[in-house]
Amino acid sequence: MPELPEVETITRELNRRIRGRRIEKVHVFRADALGNRSPEAFADDLYRREIHRVSRRGKFLIFHLRPRRYLVCHLRMTGKFIVTAPLRGPHPHHRLWFALDDGSLLVFQDVRCLGTLEVVARLSASASLERLGIEPLSKDFCPEWLTEALGRSRTPLKNWLMDQRRIAGLGNIYASEILFAAGISPTRPADSIDEEGASRLHGMTKRILRMAIRKNGTTISDFRRVDEKTGEFQNFLQVYGKTGEPCPRCKTPIVRIRQQQRSTFYCPRCQL
DNA sequence: AGCGGAACCTGTCGGC
DNA sequence: TGCCGACAGGTTCCGC
């Protein structure tokens, strides 16, 4: 489900809704997300800590707690955080409840149970965070960095963009959309992109991510905001999921191919 | 280094 | 109606 813009949307909304709240109780209905951790140990780690703020790194959501702990979450395909008034009982896909000190409920729900929640004392103790590459909306992500990094790999560009060890936060939707906007084929080897192409790719990456954040992310089926509203960027997609539809630029039918067991959508005429 | 394939899960949809 | 395969905003591990 969520890529950088969706996680950023959730981060901002959680900051608005639950910053400063204290966790009074943790209910675990299904513990898949906790890995090997027992629900009791997990709950003990969080008990009575304050949610000081929420941040994002790549596609990870990070709750900064006081006294100091970090709850590091990955929503994978179908994970969601919803803030609601107290409920009588869990809905079928509710996996955890965090009861907060103002009476509201922070719900973690996840249809496919692929999401992960981890508590650490220092962020550097999280192996998954340590693996992540550059933040595409940071100043460090510049055309020079991109040109240099692309030159060191022969991987097909779409795969390259989705590798979280290189750039953190791009997934299947935005990789396709960025490549379309930049007019570059998803199958081109990374090191075949010249400086001008890298510069376009850099510009479109920033532009599309920013626009998607402004539209509160993309809802195809599952993604929901903290208040259960959908995002709006699905109305602005140019190629993702548009197999057979005319390319918005040249009217050539959009094509779907498989790369790394994922669908890639592109225009075979505009993207070279 | 990097690919394909499978695994982790559940749900939905289309075809027969 | 019901069964089966394909597919889904993700990541990781294994073998080659």
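This one's a predicted model, so the numbers in the text were calculated from it and none came from an experiment. Convention: sequence-line order gives letters A, B, ...; per-chain numbering from 1.
In terms of position on DNA chain B, the residue among A/R165 and A/R95 whose nearest nucleotide sits closer to the 5' end is A/R165.
With sequence neighbours left out, the side chain to side chain contact (heavy atoms under 4.5 Å, CB included) criterion links A/S153 to A/T155, A/W160, A/R166, A/A190. Remark: A/F98 pairs with no residue by the ring pair (Phe, Tyr, Trp, His ring centres under 6.0 Å) rule, at least two apart or across chains. Not a single side chain to side chain donor-acceptor pair (under 3.5 Å) links A/R49 to another residue, sequence neighbours left out. Every ring pair (Phe, Tyr, Trp, His ring centres under 6.0 Å) that A/F29 has, sequence neighbours left out, goes to A/W97. Not counting sequence neighbours, the partners of A/V111 by the side chain to side chain contact (heavy atoms under 4.5 Å, CB included) test are A/T78, A/H93. Scanning for side chain to side chain contact (heavy atoms under 4.5 Å, CB included) contacts around A/N15 gives A/T11, A/R19, A/R53, A/V54, with sequence neighbours left out. Judged as a side chain to side chain contact (heavy atoms under 4.5 Å, CB included), and not counting sequence neighbours, the contacts of A/R17 are A/V83, A/V226, A/D227.
Among residue pairs with one or both ends in residues 198-210 of chain A, those qualifying as side-chain hydrogen bond (donor to acceptor under 3.5 Å, both in side chains) are A/E196-A/R200; sequence neighbours excluded.
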Atom pairs under 3.5 Å: protein N/O with N/O of nucleotides 11-14 of chain C:
from   : atom 1 : to     : atom 2 : distance (Å)
C/dT11 : OP1    : A/H74  : NE2    : 3.0
C/dT11 : OP2    : A/K59  : NZ     : 3.0
C/dT12 : OP1    : A/R131 : NE     : 3.4
C/dT12 : OP1    : A/R131 : NH2    : 2.7

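Of the P atoms belonging to C/dT11 and B/dG11, the separation is 22 Å, rounded to the nearest Å. Nucleotides C/dC3 and B/dC9 have their P atoms positioned 24 Å apart, rounded to a whole Å. Going from the P atom of B/dG5 to that of C/dA6 covers 13 Å, rounded to whole Å.
Consecutive pairing runs in DNA chain C reach the stem threshold at B:2-8 with C:10-16, B:10-16 with C:2-8, where a stem means at least three Watson-Crick or G-U wobble pairs with distances under 3.5 Å.
Transitive grouping of hydrophobic side chains (ILVMFWY, heavy atoms separated by less than 4.5 Å) brings A/I18 and A/L61 into a common cluster.
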Can you give each donor-acceptor pair under 3.5 Å made by side-chain atoms of residues 263-272 of chain A, sequence neighbours left out, with the distance rounded to 0.1 Å?
from   : atom 1 : to     : atom 2 : distance (Å)
A/S263 : OG     : A/R256 : NH1    : 2.9
A/T264 : OG1    : A/K158 : NZ     : 2.9
A/T264 : OG1    : A/Q259 : OE1    : 2.7
A/Q271 : OE1    : A/C267 : N      : 2.8
A/Q271 : NE2    : A/L179 : O      : 3.3
A/Q271 : NE2    : A/I184 : O      : 3.0

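Residue contacts for A/R152: at a heavy-atom cut-off of 4.0 Å it reaches no nucleic acid atom on any strand shown. Counting non-hydrogen atoms under 4.0 angstrom, A/T116 reaches nothing in the nucleic acid. When heavy atoms are screened at a 4.0 angstrom cut-off, A/P5 is found touching no nucleic acid atom at all. The residue A/R258 sits close only to the backbone: its heavy atoms come under 4.0 Å of sugar-phosphate atoms, none of a base.
Note that CD1 of A/I173 is 6.0 Å distant from CD of A/E6, once rounded to the nearest 0.5 Å.
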Can A/E24 and A/R48 be said to form a salt bridge (Lys or Arg N to Asp or Glu O under 4.0 Å), step by step? CA-CA 5 Å; A/E24 293 292 356; A/R48 290 219 131 215; 3.3 Å; yes
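Distance A/M77 CE to C/dA6 C1': 13 Å, rounded to the nearest Å. Rounded to an integer number of Å, the gap from A/L75 CG to C/dA8 C1' is 16 Å. Atoms CD (A/Q260) and C1' (C/dA8) sit 17 Å apart, rounded to a whole Å. Per the geometry, CG belonging to A/L4 stands 14 Å off C1' belonging to C/dG10, to the nearest Å.
Once you apply a 4.0 Å limit to the heavy atoms of chain A, the touched nucleotides of DNA chain B run 5' to 3' over B/dG2 to B/dG11.
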